[in-house]
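Take a look at the structure below.
Start at 1 with the first residue, then count along the sequence.
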Amino acid sequence: MEILLAKNGGFCSGVKKAVDTAMSVNPENTYLYGEIIHNPVVVEEIRKRGIITVENLFDVPRGATLIIRSHGVGKKVYEECEKREFHVIDCTCEFVRRTQKIVDENFRKGKTVVIVGERTHPEVIGLNGWCENSAYIFSSEQDDFSVLEGKNCAVVAQTTFSDEKFEKIIKILNDKPLKTVEIFKTICYTTIRRQNEACELAKQCDAMVVIGGLNSSNTNKLFDICKQYCENVFRLERFDDLNYKKIKRFKKVGIVTGASAPNAQTQEVLLKMEMETEAKATMEEVVANLDSQQKFKKGQLITATISSADESGVAVLLPNTKKEILLDKDEVEGEVYNKDEYAAKVGEEIELMVMSVNPVKLSQKSIKKLKEEEAMLAEIKDGKEFSLECTGFNKGGLTAQLGSYAVFIPAREIRNGFVKDLEKYVGKKLRLRVLEIKSERRKEIIASQRVILVEEKEARDAARAAKEAEFFASINVGDVVEGKVERATAFGAFVSVNGFDCLAHVSDLSWTGVKEVTDVLEIGKKYQFKVLKIDQESKKVSIGYKQLQAQPWELAAEKYAEGDVIHGKVVRIVPFGAFVEVEKGIDGLVHVSQISHEYLENPTTALTIGQEIDAKILKLDCEEKKMTLSIKALEPKPENTERKSKAKAEGEEGKEKSRKPRAPKLDEEPTEWKEGDLGEVSIADLIGNNS
């Protein structure tokens with residue numbers, strides 16, 4: 001008979017920690033909350049130590065020591081323990097604890113929690129206690145999943161559940177019209193390895209022996225898997241259950257053990273088979289290799305016992321063996337190795353990681369790094385942003401390293417748009433979010449910076465849109481608003497009004513006109529403006545500054561009066577006179593007859609554009625925005641002016657009699673006429689001249 005023993009078997013790290021705790025803790029006034037594992041042999045050994053197993057916290061006296069088994073408990077159990085002042089020794093499996101955290105976080109987010117597992121299993125009951133017992137629990141593909149339709153679901157699995165059944169249930173859930181569904185595959189990797197190995201052995205063996213407690217969930221899963229691929233499967237809880245007569249006819253027999261079966265039970269079964277068979281050498285070889293097959297695997301966590309310590313490191317005994325291995329001082333946790341500290345701990349247990357198997361090398365430091373990395377991975381897997389410096393690039397994107405994981409950022413995930421030059425990103429930090437984590441063959445993380453940038457842009461756009469909507473809802477044409485001048489251009493000033501850019505056109509800055517924005521407004525300073533136009537569709541608002549300032553003519557009455565003398569500049573000359581700029585925005589007219597005491601046919605004979613003059617205000621009409629000026633009123637009247645005028649009048653009397661006076665054209669500024677100046681001029685003559 002050929003015996004094939006599964007490499008992965010016996011207590012898992014979580015169960016071993018719980019059992020070792022129960023077997024080493026002071027049993028006085030100590031209680032165990034539920035059976036520590038589904039193995040009557042182990043349970044009986046713990047009971048013999050004096051530790052009492054209870055199913056109800058009310059059976060535990062106040063202040064007692066309470067051991068919580070690896071299956072874990074609900075949130076309210078911890079609260080009750082605190083009320084009753086229990087000294088709690090929590091042996092909850094790390095994988096179970098992680099699942100509890102997932103349930104708790106998603107329940108607080110308002111999601112519907114779905115647990116794939118056995119409803120009556122202690123682990124599932126405990127998980128349900130982290131969502132106030134509101135979880136939907138499914139254990140079979142035949143269950144009714146319609147109750148989840150339209151819900152936001154977060155799905156977890158019992159750590160010892162069948163991996164194959166879990167995948168089938170997930171496929172059903174993905175086909176259902178759920179609002180959202182997020183899958184957390186929380187089956188323990190040790191469980192998955194055992195199930196995969198049981199499948200492979202069952203396919204190549206004539207018979208299978210499954211060792212473990214009859215009530216053990218993970219052992220039952222192994223039994224079910226073996227039955228799928230092998231017709232002859234035998235279930236053993238202890239070596240006494242072995243009926244060798246039933247299996248001796250098979251040529252190849254496979255042996256798998258559940259997490260509730262200690263190595264000692266497997267060895268007892270193998271020894272009994274040895275006694276019944278002639279293949280003694282083969283049996284001895286299997287027994288001798290049992291521990292090495294199970295314990296020496298790279299990356300595996302083991303619990304060893306400190307036996308001594310010296311300058312080179314700490315000597316430890318591997319569990320269930322007498323083999324001593326040196327833990328090098330460089331692999332001891334802490335910055336400085338202290339041999340005396342570890343010498344004082346002889347007999348105590350220490351958790352270690354197998355770094356290599358040939359030769360065997362152990363490390364305590366690596367465990368801390370591993371746990372930190374696992375915690376970090378759990379966070380970034382849930383969407384937490386992380387930063388990394390890019391160390392290289394290849395044809396497809398950028399590369400980096402995060403702990404023991406290689407990180408790859410595809411070129412399309414660096415930012416929005418095509419990235420042609422990848423090399424310029426080497427040595428630079430990127431803000432990343434996980435797209436995928438691969439752990440099967442090569443540990444790799446696929447990450448993206450683009451998703452973060454897109455989310456931030458969408459958030460900014462949404463905030464801007466909301467702000468714009470609020471702005472346009474609160475502003476109307478004619479409103480007076482306060483704004484800060486942000487920047488100036490040739491055509492106007494951009495002014496921030498409640499965070500929105502408005503335009504004050506250069507023509508709306510001053511009544512007198514300006515060349516530069518900065519002639520009126522100062523960058524960075526706040527002013528009052530009037531809303532002139534609103535175009536919500538194009539997101540444009542026009543505002544004016546001059547509309548809140550007094551026009552020059554509105555102040556003219558306060559500054560000027562008839563009879564005042566002003567100093568101005570000639571800005572325009574027309575046939576009937578000259579316009580003089582008194583100040584910006586106020587022009588006065590000097591009629592041709594008011595330029596000089598002498599007769600002028602054209603104002604240009606006496607004045608030029610740009611010439612500065614003094615003049616007297618003859619008439620002021622602020623409402624009509626008119627000012628009549630006189631230059632000659634400030635000049636003395638010549639003495640012979642009267643005689644010259646008379647002689648000239650007599651000399652031209654004949655001409656004047658033979659022609660009628662010319663009436664002014666309609667586009668000319670009328671002169672001040674005195675009675676009789678026009679002589680006898682009919683209305684018809686005036687109309688005729690103007691036509």
Lys/Arg N to Asp/Glu carboxylate O, E149 vs K179, below 4.0 Å: no
Donor-acceptor pair, side chain of T399 and main chain of G392, under 3.5 angstrom: yes
Side chain proximity check, Y425 to V419, heavy atoms < 4.5 angstrom: yes
Flag for D535-S538: side-chain donor and acceptor within less than 3.5 Å: yes
Main-chain N/O of M627 paired to K619 side chain as donor or acceptor, under 3.5 Å: no
Backbone of M376 reached by a side-chain donor or acceptor of E379 within 3.5 Å: no
Contact check, side chains of R415 and R450, non-hydrogen atoms, under 4.5 Å: no
Trace of the side chain to side chain contact (heavy atoms under 4.5 Å, CB included) decision for F95 with T99: CA-CA 6 Å; F95 286 95; T99 310; 5.5 Å; no
Over 12 foreign heavy atoms within 6.0 Å of CD, E470: no
Flag for E583-Y560: side-chain donor and acceptor within less than 3.5 Å: yes
Residues, nucleotides or ligands: over 12 heavy atoms within 6.0 Å of E516 CD: no
Option among R487, K539, K540 that satisfies the salt bridge (charged side-chain N to carboxylate O under 4.0 Å, His left out) test with D501: R487
Contact check, side chains of E444 and Y405, non-hydrogen atoms, under 4.5 Å: no
Over 12 foreign heavy atoms within 6.0 Å of CD, E82: no
Donor-acceptor under 3.5 Å (N476 side chain, D479 main chain): no
Positive for salt bridge (charged side-chain N to carboxylate O under 4.0 Å, His left out) with E373, one of K368, K381, K443: K443
Electrostatic pair R98:E374 at N-O distance under 4.0 angstrom: no
Derivation and outcome, side chain to side chain contact (heavy atoms under 4.5 Å, CB included), residues D90 and V73: CA-CA 10 Å; D90 194 352; V73 293; over 6 Å; no
Short side-chain to backbone donor-acceptor contact, N174 and K171, under 3.5 Å: no
Greater than 12 external heavy atoms within 6.0 Å of K176's NZ: yes
Over-ring placement of K546 relative to W511, 6.0 Å and 45° cut-offs: yes
Output field: ring centroids F500/F472 closer than 6.0 Å: yes
Side-chain touch C502/F529, heavy atoms, less than 4.5 angstrom: no
Kindly list each side-chain donor-acceptor pair under 3.5 angstrom involving residues 561-579, sequence neighbours excluded, with atom names and distances?
from	atom 1	to	atom 2	distance (Å)
E562	OE2	L620	N	3.1
D564	OD2	A561	N	2.9
H567	ND1	D614	OD1	2.6
H567	NE2	E612	OE1	3.0

Nearest atoms (heavy-atom pairs only) where A557 meets C622: N-SG, 3.6 Å
Flag side-chain contact, heavy atom, 4.5 Å: I475 against V531: yes
Side chain to side chain, T605 and I595, heavy atoms closer than 4.5 Å: no
Check: H597 side chain, K632 main-chain N or O, donor-acceptor pair, under 3.5 Å: yes
Neighbour count >12 (heavy atoms, 6.0 Å) for atom NZ, K185: yes
Exam field: side chain Q449 to backbone I414, donor-acceptor pair closer than 3.5 Å: yes
Salt bridge (charged side-chain N to carboxylate O under 4.0 Å, His left out) assessment of R108 paired with D104: CA-CA 6 Å; R108 285 190 280 109; D104 182 40; 3.4 Å; yes
4.5 Å side-chain heavy-atom contact, V77 and C81: yes
Salt-bridge present (D461, K457; N to O < 4.0 Å): yes
Pair K365 + E333: basic N to acidic O under 4.0 Å: no
Full working for side chain to side chain contact (heavy atoms under 4.5 Å, CB included) between F145 and F138: CA-CA 8 Å; F145 298 93; F138 302 98; 3.5 Å; yes
Side-chain (S630) to main-chain (K616) donor-acceptor, under 3.5 angstrom: no
Residue pair L388, K429: steps toward the side chain to side chain contact (heavy atoms under 4.5 Å, CB included) verdict: CA-CA 5 Å; L388 274 185; K429 272 194 173 183; over 6 Å; no
Between Y545 and Y527, ring centroids under 6.0 Å: yes
Test side chain to side chain contact (heavy atoms under 4.5 Å, CB included) applied to L402 and L432, V434, V407, the passing residue: V407
No-hydrogen, no-angle side-chain donor-acceptor test under 3.5 Å, Q549 and S510: no
Crowding at NZ, K111 (>12 non-hydrogen neighbours, <6.0 Å): yes
Check: E554 side chain, Q551 main-chain N or O, donor-acceptor pair, under 3.5 Å: yes
Charged N-O contact under 4.0 Å between R97 and E94: yes
Main-chain N/O of T604 paired to N602 side chain as donor or acceptor, under 3.5 Å: yes
L629 versus A615, closest heavy-atom pair with distance: CB-CB, 4.0 Å
Side chain to side chain, I137 and N128, heavy atoms closer than 4.5 Å: yes
SB check R431 E385 (cutoff 4.0 Å): yes
